[in-house]
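Everything below concerns the one structure shown next.
Only heavy atoms go into these numbers, but all of them, side chains included; no hydrogens, no water, no symmetry mates. This is a predicted model, so every value here is computed, not measured. Lettering follows sequence order; numbering is per chain, from 1.
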Amino acid sequence: MKPADPLVVVKNLKKYFPVTSGLVFQRKTGEVRAVDDISFTVERGETLGLVGESGCGKTTAGRTLLGLYPPTAGHVTIDGMDVYAARRRRDLLAIRRKAQIIFQDPYASLNPRWTVDAIVSEPMRVHSILPDPKARSERVKELLSLVGLSGQLVNRFPHEFSGGQRQRIGIARALASDPLFIVCDEPISALDVSIQAQVVNLLEDLQDRFGLTYLFIAHNLSMVRHICNRVAVMYLGVMVELGERDELYDHPLHPYTQALLSAVPIPNPKQDRARQRMILSGDVPSPLNPPSGCRFHPRCPLAVERCRQEIPAWREVATGHWVACHKVAE
Amino acid sequence: MLVLLFIYAFGGALIFPESYANYTDTSLRLSPPSARHPFGTDTIGRDVLARTIYGGQISLIIGLLAVSIESLVGILVGALAGYYGGFLDSLLMRITEAMLNIPEIFLLIVMAKFFGGRIPEIHLLGRVFSGSVIVIVVIIGLTSWMYLARIVRAEFLSLKENEFVLAARATGTSNFEIIFRHILPNSIAPIIVSATLGVANAILAEAYISFLGLGVQPPTATWGNMLDGANNYLESAPWLWFFPGLLILLTVLSINFLGDGLRDALDPHSRAV
Amino acid sequence: MNAKRFVLTFVTAMVIFGFILTACGPKPVPEGPTVEETQAAPVQPGDGGRKVATLIYTQEFDNLAPLYTDMWFAWTTWQMFLHWAWEFDEKNEPFPRLVTEIPSQENGGLSADGRTLTMKLRDDIKWSDGTPVTADDFVFTWEMAVSPNNTVTSTYPYDKIESVTAPDPQTVVVTFAEPFAPWLATLWHGILPAHILRPVYEAEGTIDNAEWIKTPKVGCGPYLLDTWESGSYARFVRNENYWGSRPILDEIFIRFVPDDASQVAALQAGDADLGTFIAYSDIPTLQQAGLNIVTEPSGYNEWMFFLVNDQVGHPALTDVNVRKAIALSIDREAINRDLLLGLTKPPASFWDAMPFYNDPPLQNYPYDPEEAKRLLDAAGWVDSDGDGVRDKDGIPLELDYGTTIREIRQDVQAVVQQQLAQVGIKVNLYSVEADVYFASYGEEGPAATGQYDIQQWSDGPLFPDADLYYWLCSEIPSDEYPAGSNWFYLCDEELDSLIQLQATQVNIKERQQTISKINQLFYDKVYILGLWQDPDIYAVNPRLKNVKFSGVTMFFNIGEWDLAQ
Amino acid sequence: MGRYIIKRLLQGIPLLFFISIILFVLMMNMGDPVATMGGRRVTRASDYERLRRQLGLDKPIYTQYLYWLIGNDWTKTDVDGDGVAETPGTRRGVLRGDFGVSLVSRKPVLQVIGERLPNTLILMLASEFVIIVGSLLVGVYSALRQYSALDHIITALSFIGYSMPIFFIALLSMYIFGVLFKRWGLPYLPTVGMFDPQAGKTTAQVLWHMVLPVLSISIISFAAYSRYIRSTMLEVLGQDYIRTARAKGLPRREVVYVHALKNASLPIVTVVGLDLPLLLGGAVVTERIFAWPGMGRLFLDHVSRSDLPVVMGILMMIATAVVVFQILTDIVYAWLDPRIRYEK
């Protein structure tokens, strides 16, 4: 395999959650289109940002591509291995070992009944890395010091830690199986602002040291700009724009991206004042019953009749810059 | 109080050997309480005091064993239904609901007949238990797991969406391990409360079914079967039914207290009776 | 918590109450009845001098139609509204009822080969709706009994009959396929009213669902069913159309009281005039309350049956000396004295209630545990491993002993277990519900499949006939013949041929000799061991006059019963 | 609301199917109904085979279930044992309202049950009434006088009542009110039966005989209910709108009985509805002890003879009642609480 191959390839990924009502056995009466046909790749060693408002499907996308939710349709390969085709437990474990996830809520993501040692060593146990318990304990301490925690804390329970510390434990767990790829699912949004930077720096540091690849899910655009190489924007289950960080931030093409960016406070007040704010009207429609055509059209200031009728194609308008909008010039 | 009852049932065994509890002296039948037989004697001259001691052992053992079975089935059904969801959940929950809709005593009677006389005697720890003890344990276990299953299912439904479960899945931890090592320990509090109260219910259930003559068969004594036929001696030999009845009441009462206390301690949100 | 302290107080109070109750409890018991007696006296049914007798049944009859039930409580009730062709008196001697005389070889009613029975009916008998009772009713009854469309409980003995004909309305001719000795005791247990049921049969093909089968309100006896309230009572009123002498009571009220203690209380209080199925343990109380206790032999005795079959049962039981040792080591006198309050004694013969067949009378094996030990030692069953249980060739002398869940049976089991343990025989006790215990071989009933080495229940010959058909080798159940009724798995060729012989012996004297041989055989080989005689026991309030009971047709003279005012 | 009710009713049907299958399987292996038909003697071999054939007990279990469910009048059976099915069936099946014929009394099951049902209902309704009225009074009282001596006593007593096996209450009350009162020369209560046959089935008689059984059934549920009412009352009384009502100067009586009680009665409705199985279960034991001619005793009598049609009929009727009661509970609940609106 050539090193130039992307590490993660996502093709036409769909995840619908059935809405059921049942008498005896449940019957599907509708579906939430949380992720509706998205495609992208993540290159080795890069950090791809995935942004969008809450409820747009970013978290679902992240979890589905790891196979934590069974997909409705689509393919995902990680390091050349098809995630959804893995039937045998051995194949699945191989994928699980390469791809890990860090969660948003450091309070919910650690089993409250387990000690730190048990939590961090679980991946090693499952993947039979270091079968010797003693060696495993040593490794746990090593991992903890790697994320900036004292190895003395291994026998404590999660509730004895602060949020930031807990998130570090979560990171240590993710690292325990020596993964290539980590989905960072809003890893900092639940943390105090003062801690956020520390964690982001830790993640960057780890990326450098271990050559990790991140899919960084966030709704905080400024943090994304800080850490990501490329950024993808999602709206209501679909991807509307994807591009190099600077290209996207400087030349947003999709009206939704423009709106998002215009809401980001810019540290320089002069620039900020000069900027034109774009305020979106209306609420995000229900993914249970998404709008026809372009999903953004009910809130789009540029919407025309065509946007109501026709789903815009996912096109590459410039090298590495993809967008789905009728109004963007060919 | 519960401790006292346990001491009564198990410590009493040090004073009277089991053969004494089953020792019949037909010439002494139905003698009222006296210094020699503080609780009187029964219809074939057995000492009621000694029988309440051995009966207590069996009743308590039945209570504990039945709850073990109840918990096993309840946790298994609840966990599978809650964790896997979908068709399995629907199927298991419909069965649970169906069983819940038949009053327990009817189910017990039908089950007792279903298993009646099919299991031979069991020799355990140097003692002989009539096969009906096992039957009773099994049927009580099999007719009482439904509430627990519902509790466990609800716990699993809420816990399985927790991120630490997702994290475990992302790690590649097997479903079995997720169910039993991740989720179950986190739902243990309501299970403990429910199981404690379950012991009281199991002892009562044994008493009911034995009272109706379908439970544990002689010569093994239980508090319940000591009461069987006692209403024929309502007037002439009240000691026959009073002591075992009182002991059942005390046991159930103290277990209920314990369960209530546990609930208050473990789950401060629900304080209903 | 205050509440908890209260509970403790309450509990203490309960315990104290318990001791007070038990301390003073026994004393008032003997006084109790006298108090009630004085109370009971003024309670009299006084509504206009109507004579209403109240009977207590401890079980409700399931059905009242002949052929459709074999329940004891239905039999007792039949004599109120349905007569048999001939009935039996308090000495269990037959007397003619619907017939003019009981057929016999002397009067020409029974042919010499024993195959043809000619019955002459009275000409004045009629149903309560006025229709005469004729030979046609007998023919119809036979037809219904053997019709495959009717789910009668038993076709016996009608299936032994080749034909029943009615040459004229007062003559019934019964022809048996083979000579059939027990006809007197088994034939015509109630007849069906053809004029009511034949139309139903012709219309529906069965009489199963006929109204008369559910509530037979038309009868030919002294009383008629008036109301039957399930679970509570049944009321019988005088048959104003009765062909015999006018019944004396106006009304008979049957209360269903399933609980022994309640029956005793009602009898003590004078609320009832007659109690049935009295438990031995209640007899002293009732006698103290001034009730007459009447015991009437019905052929039944409580038996231990040994499974003498080395394939199915315990090998030790095939040795007659082991069985004899068991007989010697059970103190049956003490059981009768203490548990049955000395009101009965252990039966020595299957025909204890029928002295005619128990001739010469047998004497019970005594209680002699020392002799039992000696017999067991001699038979090679010794306690070689010192565990208190005898053994031989590595097989411990450990027997399974099963019965139904009746309290007295379970009590006796416990006593027997203890007494046998003293001679080194270990007994495991089982007791299950009757419908499980008596379930068939195909249903894996424990008795039918020979799971117990010793079984116990109450049994008797086809009283007042001596027949005992189910001890035949051919009746041993097997996968090929799951309906077999020889649950003793006993196959003794001598016994087998004697049983077959007696069933065809129409000559009474010859038959008596055969039965006596069987009796001696049972005794010598100890195939069965009697525990206690099981007669029907009634408690009768002295104001109920002229009451007689039979062991077969229980209330045979109910039309003559009277109430002292 | 209408659609909700229909939906809930539809939900009950498959549930009842499930129940019937479970019960049928259990019951098929229960005992042998033919075994006890011979009276005191074991049923004869030839009769045994014939009866099993005639009653359809020789058929495989699924066939029996099918016949039980939809009847057998569309097919022919072999009743004379010659291997040829010649007799058309007569059963119409449960779905067409035919619960079969009792194997014991040969009466239609519906008639057998119908004779006993009213007796049980009388007992149940009276008990329900005593429970609800009594527990409301006691519960409200102890809520209003929280932590008073009487409140403590009530709490403790309810704990004891809750833990009492019903037969112990029954025996104890029989002993005290029947035996001891009689011995002391006090007016004593009758301990068995539904009425004194000499006096006839008059209302007064039935009421008089009902006292002890109703007492026994009530005590267990009564204890739990009054505790429950006490806690919900306390909760409601602590809420803002009650304080507002009081602050507005509404009389205390009105506040308690109109506002608080109305809201506190909501959860009670649920408990009452859901406790039906418990009550019916208690009735089995109570009816047996007090010789009450109701369904519970009918059940015991017929279970002991493995009378499948009757036992099945009783259990299905009870299961149906429970299901219907649950639905009713939900509906009443929805009706009482305007906050609860069920989705279509």
Problem set entry | A:R166 NZ/CZ over A:F161 ring centroid, <6.0 Å and within 45° of normal | no
For this session: With a 4.5 angstrom heavy-atom cut-off, could you sort out which part of A:L68 is near chain B: side chain, backbone, both or neither?
Result: both
Problem set entry | Contact leader toward chain A among B:M93, B:R169, B:E97, where contacts are heavy-atom pairs under 4.5 Å | B:R169
Exercise. Using 4.0 Å as the upper bound for N to carboxylate O, is an ion pair formed by A:R139 and A:D178?
Worked result: yes
For this session: Determine, for A:F17 and A:K15, whether the Lys NZ or Arg CZ falls below 6.0 Å from the six-membered ring centre while staying within 45 degrees of the axis.
Result: yes
Exercise. Can you say whether B:L159 sits under 4.5 Å from chain A via the side chain, the backbone, both, or neither, judging by heavy atoms?
Worked result: neither
For this session: Nearest 0.5 Å please: distance from the OH atom of B:Y208 over to the CD atom of B:E206.
Result: 12.5 Å
Problem set entry | Closest-packed option against chain B by number of heavy-atom pairs under 4.5 Å, given A:A176, A:G67, A:P123 | A:P123
Problem set entry | Pick from A:L110, A:L66, A:L93, A:I101 with the largest number of heavy-atom pairs that fall under 4.5 Å of chain B | A:L110
Exercise. Side chain, backbone, both or neither: which part of B:E177 has a heavy atom under 4.5 Å from chain A?
Worked result: side chain
Exercise. When only pairs under 4.5 Å are counted, which of B:V165, B:N162, B:N186, B:I188 shares the most heavy-atom pairs with chain A?
Worked result: B:N186
Problem set entry | B:L92, B:I75, B:N175 screened by side chain to side chain contact (heavy atoms under 4.5 Å, CB included) with B:L80, the one that passes | B:L92
Exercise. Nearest 0.5 Å, what's the OG1-CZ distance between B:T171 and A:R97?
Worked result: 12.5 Å
Problem set entry | Heavy-atom contact with chain B under 4.5 Å, split by part of A:E122 | both
Problem set entry | Toward chain B, the part of A:A118 with a non-hydrogen atom under 4.5 Å | neither
Seminar exercise, completed: So salt bridge (Lys or Arg N to Asp or Glu O under 4.0 Å) across residues 153-166 of chain B, not counting sequence neighbours, yields A:R63-B:E163, B:D89-B:R153
